[in-house]
Amino acid sequence: MSVPRPAAVIVLAAGEGTRMKSRTPKVLHELCGRALVDHMLASARDLGPEQLIVVVGHALERVTGHLSVTSPDARAVVQREQRGTGHAVRTVLEEVGTISGTVLVTYGDVPLLRTQTMAELLERHATEGNAVTVLTAEVPDPTGYGRILRDESGAVLAIVEEKDATAEQRAIKEMNSGIYAFDGDLLADAVKRVSTDNAQGEEYLTDVLGILRGDGHRVGACVAADFVEVEGVNDRVQLAAARKLLNRRLLERHMRAGVTVVDPDSTWIDVGVRIEPDAVIHPGTQLHGDTVIEPGAEVGPATTLTDTFVGEGAVVRNAVCDNAQIGPQVSVGPYAYLRPGTVLGRGSKAGTFVEMKNAKVGERSKVPHLSYVGDATLGDDVNIGASTVFVNYDGVEKNHTTVGDGAFVGCDTMLVAPVTVSPGAYTAAGSVITDQVPPGAIGVARARQRNIEKWVLRRRAGTKSAAAAERALAEQEQQEKNQ
Ligand code: UD1
Ligand code: CA
């Protein structure tokens, strides 16, 4: 479908959204990794409008501050007082001047509206040569919405707001989505003639339809195929419902592109996530931000990845990873926590109850069990024994540890940074390593074992331990006699 580029898209987002009961302005509430308003702007942007305009008012600084980061291409127009949707559009045209060509008006709280649906509206508007075309929908319960009034032939006459409607009009199930394509020149003229003579004392943009029709212009309607798309978010129940629908839509796109999503109902994904074919996502997984999952990787169950890269064929189970780079064929978890700056080389492992931070791990190196690796560089083919701690914090500063290629760190080693275990060096289990271990040496840093004979018999007499010891000692004595 070839759709004419609109001259402008105007996104109305000045309202407070009181039903959210939130300190955060409604349009900044998030779903699938993006604020409500940014969802609308992303779909609008895909229409290639010459101008992208957002009407802001409530929580002005926060909203404009947000938009300047996420949508620097959008021009914010300030509507100081929210005196109605008609007033909002009038404010825009007074500030930027009349916009000739097609002007699409939409809202900042309609995150499910697809570019495709807006394109269909624009196409209808163009082919019918309308002055205005409104996007409508048949809904089971139109309560709260403006209703579409049509004559016997089906031609659109006007829109009446619920509060101004008669009982008969309220029975109409065709609602106004609040999304329209206008002829910009006609809009500029008509919006000035909108009155406030209605139940809410506001300037209704909806009145522009009746005005243009009264002037003898063509007024059309485009009925959305799926009413769910045009439903706005007004409270947190609707926000959750919209999130679920959008999540499903995103997952279906991935599944159709060759990704296995074992349980879409328990998998949550952000719009910015990239997943390559033949990746498998297991239940209970959340993929956030700019996470990338390469072909054949397996993620989950119960894994949360944020801005994390998972290389080809890697397996990440029951893990929480934040800003981590997981190389190809790496194994992570179950029960691992990878914090920012973790970089795992090809074929390496961050195993069970392992935490890493700012740690570069070389190829094939393994940290299989119960360890903390912070502020460290590990070479290739390193083995870190269970319960090893990289003691990186002295209470004031974070210090770095280097472990060379092929080094073998024994279980329960404390590597007190800054310290180096050289290539090919070992540390003895239970050591507290404070000084460099030279290549090929073993660092032993622990007290020698001393046994105090029969201590339990004397000091724990009468206990099960003492009884067991007595039996064992007697047996030993018997054996010695027999020899
Ligand atoms: C509006 C329509 C109604 C339609 C419904 C669809 C009018 C008069 N009514 O009603 O026919 O069925 O949307 O959701 O247009 N806004 C501003 N500035 C304002 C007023 C509103 O920017 O002065 C923005 C709001 O932030 C919101 C949108 O416009 O995003 C709609 O405003 P809202 O007050 O929710 O309109 P409704 O009464 O729901
Ligand atoms: Ca609304």
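Both ligands and their constituent atoms are indexed starting at 1 by order of listing. Fair warning: this is a prediction, and the values are worked out from it, not measured in the lab. Counting from 1, the numbers follow the sequence of the chain as shown.
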Requested in this report: Run the numbers on Asp235 and Lys21 for salt bridge (Lys or Arg N to Asp or Glu O under 4.0 Å), then give the verdict.
Outcome: CA-CA 8 Å; Asp235 60 28; Lys21 305 236 166 71; over 6 Å; no

Please confirm whether [X] approaches ligand 1 to less than 4.0 Å, judged on its heavy atoms.
X	value
His87	no
Gly232	no
Glu161	yes

Which atoms from ligand 1 have a heavy atom of [X] less than 4.0 Å away?
X	value
Arg83	23 (O)
Thr206	7 (C), 8 (C), 9 (N), 11 (O), 15 (O)
Ala13	22 (O), 26 (O)

Report task. Drop me the distance from Thr402's OG1 to His400's NE2, to the nearest 0.5 angstrom. Result ->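 The distance works out to 4.0 Å.
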
Query raised in the report: Does Arg45 CZ have over 12 foreign heavy atoms under 6.0 Å away?
Result: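 Enclosed.
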
Query raised in the report: So with a 6.0 Å cut-off around OH of Tyr335, is the heavy-atom count from everything else above 12?
Result: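 No, not enclosed.
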
Query - Pairs where residues 171-191 contributes a residue and the test salt bridge (Lys or Arg N to Asp or Glu O under 4.0 Å) is met, not counting sequence neighbours - result: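 As it turns out, the salt bridge (Lys or Arg N to Asp or Glu O under 4.0 Å) pairs with a partner in residues 171-191, which skip direct neighbours, are Arg150-Glu174, Asp189-Arg193.
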
**Report entry** Student check: side-chain heavy atoms of Glu231 and Gln238 closer than 4.5 Å
**Finding:**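 No, their side chains stay 4.5 Å or more apart.
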
Query raised in the report: What part of Ala88, side chain, backbone, both or neither, has a heavy atom within less than 4.0 angstrom of ligand 1?
Result: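 Side chain only.
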
Report task. Heavy-atom distances under 4.0 Å are what count here, so tell me which part of Glu81 touches ligand 1: side chain, backbone, both or neither. Result ->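 Neither; nothing of Glu81 gets under 4.0 Å from ligand 1.
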
Test your reading of the structure: does [X] have an N or O sitting under 3.5 Å from an N or O of ligand 1?
X	value
Tyr107	yes
Asn176	yes
Tyr145	no
Gly146	yes
Leu205	no

Query raised in the report: Passes side-chain contact (heavy atoms from CB on, under 4.5 Å), Leu113 versus Met118? Steps please.
Result: CA-CA 8 Å; Leu113 183 66; Met118 288 188 278; 3.6 Å; yes

Query raised in the report: Among Ala14, Gly15, Gly84, which residue places a heavy atom closest to atom 19 (C) of ligand 1?
Result: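 Among Ala14, Gly15, Gly84, the closest heavy atom to atom 19 (C) of ligand 1 belongs to Gly84.
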
Report task. Give the single entry among Gln79, Glu162, Arg90 that approaches atom 18 (N) of ligand 1 most closely by any heavy atom. Result ->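 Considering heavy atoms of Gln79, Glu162, Arg90, the nearest to atom 18 (N) of ligand 1 sits in Gln79.
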
**Report entry** Salt bridge present between Lys26 and Asp109 (N-O < 4.0 angstrom)
**Finding:**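 Salt bridge: yes.
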
Query raised in the report: Is the shortest side-chain N to carboxylate O distance from Glu162 to Arg147 below 4.0 Å?
Result: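 A salt bridge is present here (some side-chain N lies under 4.0 Å from a carboxylate O).
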
Query raised in the report: Between Arg34 and Glu30, does a salt bridge (Lys or Arg N to Asp or Glu O under 4.0 Å) hold up when you go through it step by step?
Result: CA-CA 5 Å; Arg34 211 180 241 173; Glu30 182 266 0; over 6 Å; no

